Amino acid sequence: MSTDDSFSPSKLGTKEHWDNVYESELSTFKETGDEGEIWFGEEIVEKMCDWVVEHISTSQKPRILDVGSGNGNLLFSLSAAGYDNASLVGIDYSMDAVHLAQSIASRRSIEGMKFACVDFLQDGSTLPAPTSSESREIHESGKPSNSSRGKWDLVLDKGTYDAIALSERKDGDTPPLRVYASRIGELVLPGGFFMITSCNFTEEELLSAFQRPEYGLLFHSRIEHRTLTFGGVQGSTYTTVAFQKSGDARSESKTVN
Ligand SMILES: C[S@@+](CC[C@H](N)C(=O)[O-])C[C@H]1O[C@@H](n2cnc3c(N)ncnc32)[C@H](O)[C@@H]1O
């Protein structure tokens with residue numbers, strides 16, 4: 001089955017749904033300090049973070065974008081792991097998700113991280129640059145470099161592609177998942193990474209969606225998750241795959257347990 005038309009639209013694919021979720025989570029956070037749901041649980045966050053630590057040095061001050069960052073939990077873990085806050089950016093199309101992530105950052109005294117309200121699929125939407133961006137581009141080459149501007153060493157997705165898969169498709173328009181994959185391909189720097197965790201797509205489906213010559217993304221590694229056996233069939237509850245953008249000799253394939 002094609003990954004472009006595998007799912008019927010559902011309310012989980014609407015902005016209205018996520019606006020309601022984060023309106024309620026933001027109000028709970030203000031009342032009780034509860035930071036809201038960690039999608040897929042803390043173990044997945046930990047494993048994604050461990051993968052980043054293993055493959056991308058904190059001293060590089062990598063520019064990291066979390067697409068559909070929700071309450072910001074993945075970026076907060078990366079900050080705790082030593083990544084420079086000024087290089088971490090989260091975007092979400094729900095304004096209350098952005099407010100929630102900003103409020104949590106402020107409550108935890110995390111400074112310099114950016115969260116912005118952006119619809120990733122919107123034509124012409126502009127992504128914020130990390131706070132660190134300009135000084136680093138000047139430092140690298142002696143003058144600002146156009147080739148790396150607006151691109152990222154690492155783009156992350158935890159659950160957002162799954163949500164987009166449930167959004168409505170309009171006849172004649174490019175399917176949302178195709179728009180998403182093409183934008184990811186444009187945003188990753190050569191040698192940089194895209195890592196995605198999904199609860200709806202198998203590794204095979206993610207490879208077929210993202211490992212296309214026009215995006216320049218190649219399978220790099222996977223994170224193994226616990227498996228469930230049901231009716232004699234064994235399956236994993238989540239799939240995490242990392243892709244590396246071609247253009248760098250560092251490419252290698254491996255599995256992280
Ligand atoms: C399943 S939640 C995951 C949230 C977050 N990644 C996490 O792990 O906690 C999906 C997120 O994607 C966001 N989202 C869905 N479609 C989006 C789009 N087109 N642009 C930006 N964010 C989007 C939703 O608002 C929601 O925060």
Side-chain angles (χ1 to χ4, degrees), residues 4 7 9-26 28-29 34-49 51-52 64-80 88-105 108 113-128 152 154-170 173-184 186-187 194-201 209 223 225 237-241:
D4 292 336
F7 295 95
S10 111
K11 69 174 185 148
L12 268 75
T14 64
K15 182 171 177 302
E16 191 189 358
H17 169 77
W18 294 108
D19 284 344
N20 289 335
V21 166
Y22 290 112
E23 183 185 8
S24 156
E25 290 202 352
L26 181 60
T28 305
F29 176 73
D34 185 316
E35 296 182 355
E37 181 157 358
I38 305 224
W39 281 88
F40 307 158
E42 285 181 23
E43 190 182 323
I44 300 274
V45 177
E46 218 171 281
K47 284 182 164 189
M48 289 178 80
C49 233
W51 183 97
V52 180
I64 302 178
L65 174 71
D66 187 10
V67 179
S69 46
N71 64 6
N73 61 81
L74 192 50
L75 292 179
F76 296 138
S77 292
L78 290 172
S79 166
L88 304 178
V89 174
I91 58 147
D92 203 290
Y93 70 175
S94 169
M95 195 64 223
D96 277 342
V98 171
H99 285 150
L100 176 61
Q102 288 169 336
S103 306
I104 295 172
R108 293 190 187 190
M113 202 181 276
K114 252 189 206 171
F115 291 98
C117 189
V118 176
D119 183 341
F120 190 67
L121 300 183
Q122 184 89 38
D123 263 353
S125 60
T126 314
L127 299 176
W152 304 80
L154 173 65
V155 179
L156 294 167
D157 178 322
K158 179 163 71 74
T160 303
Y161 188 68
D162 291 337
I164 287 173
L166 301 170
S167 61
E168 207 174 333
R169 295 171 291 273
K170 295 194 188 104
D173 284 0
T174 310
L177 293 184
R178 195 65 77 80
V179 175
Y180 178 96
S182 155
R183 285 214 83 188
I184 294 289
E186 286 163 14
L187 288 174
F194 167 57
M195 178 164 55
I196 176 167
T197 297
S198 163
C199 66
N200 283 335
F201 293 94
I223 297 176
H225 298 296
T237 36
Y238 303 106
T239 308
T240 303
V241 186

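In listed order, ligands and their atoms are each counted from 1. Computed from a prediction, not measured in an experiment: that's the story for all the values here.
In terms of protein heavy-atom proximity, atom 10 (C) of ligand 1 is closest to Gly159 O, 3.8 Å. Among protein heavy atoms, the minimum distance from atom 5 (C) of ligand 1 is reached at Gly68 O, 3.1 Å. In this structure, the protein non-hydrogen atom closest to atom 20 (N) of ligand 1 is Phe120 N, 3.0 Å. For atom 2 (S) of ligand 1, the closest non-hydrogen atom of the protein is Trp18 CH2, 3.6 Å. The protein atom (non-hydrogen) at minimum distance from atom 9 (O) of ligand 1 is Asn73 ND2, 3.0 Å. At the top of the distance list for atom 27 (O) of ligand 1, counting protein heavy atoms only, stands Asp92 OD2, 2.6 Å. When only non-hydrogen protein atoms are considered, atom 3 (C) of ligand 1 lies nearest to Lys158 O, 3.3 Å.
With a 4.0 Å heavy-atom cut-off, ligand 1 is reached by no atom of Phe40. Of the heavy atoms in Asp66, none comes closer than 4.0 Å to ligand 1. Looking at Ile164 against ligand 1, only its side chain comes within 4.0 Å, counting heavy atoms.
Every atom of ligand 1 with a heavy atom of Val118 under 4.0 Å away is listed here by number and element: 20 (N), 21 (C).
Ser198 pairs with exactly one of Thr239, Asp162, Thr160, Thr240 by the side-chain hydrogen bond (donor to acceptor under 3.5 Å, both in side chains) rule, that one being Asp162.
Residues Asp92 and Ser69 have side chains that never bring a donor and an acceptor to within less than 3.5 angstrom of each other. Between Arg183 and Ser125, the side chains place a donor N or O and an acceptor N or O closer than 3.5 Å (distance only, hydrogens not considered).
Under the 4.5 Å side-chain criterion, counting only non-hydrogen atoms from C-beta, Met195 is not in contact with Val241. Side-chain contact check for Glu25 versus Glu35: every heavy-atom pair is 4.5 Å or farther apart. Side-chain contact between Ser79 and Met113: present, with at least one pair of heavy atoms (C-beta onward) separated by less than 4.5 Å.
Counting heavy atoms only, Tyr93 comes closest to atom 23 (C) of ligand 1 of the residues Tyr161, Tyr180, Trp39, Tyr93.
Geometrically, ligand 1 and Tyr22 share a nitrogen or oxygen pair separated by less than 3.5 Å. Backbone and side-chain nitrogen or oxygen atoms of Val67 are examined, and none is located within less than 3.5 angstrom of a nitrogen or oxygen of ligand 1.
Within the structure, the closest approach of Asp162 to ligand 1 does not fall below 4.0 Å when heavy atoms are considered. Within the structure, the closest approach of Asp119 to ligand 1 falls below 4.0 Å when heavy atoms are considered.
Between Ile223 and Trp51, the closest heavy-atom pair is CD1-CB, 3.8 Å. In terms of heavy-atom proximity, Val98 sits nearest to Phe115 at CG1-O, 3.7 Å.
No donor-acceptor distance shorter than 3.5 angstrom exists from the side chain of Lys158 to the backbone of Leu74, with no hydrogens or angles considered.
You'll find the ring centres of Tyr161 and Phe201 inside the 6.0 Å limit.
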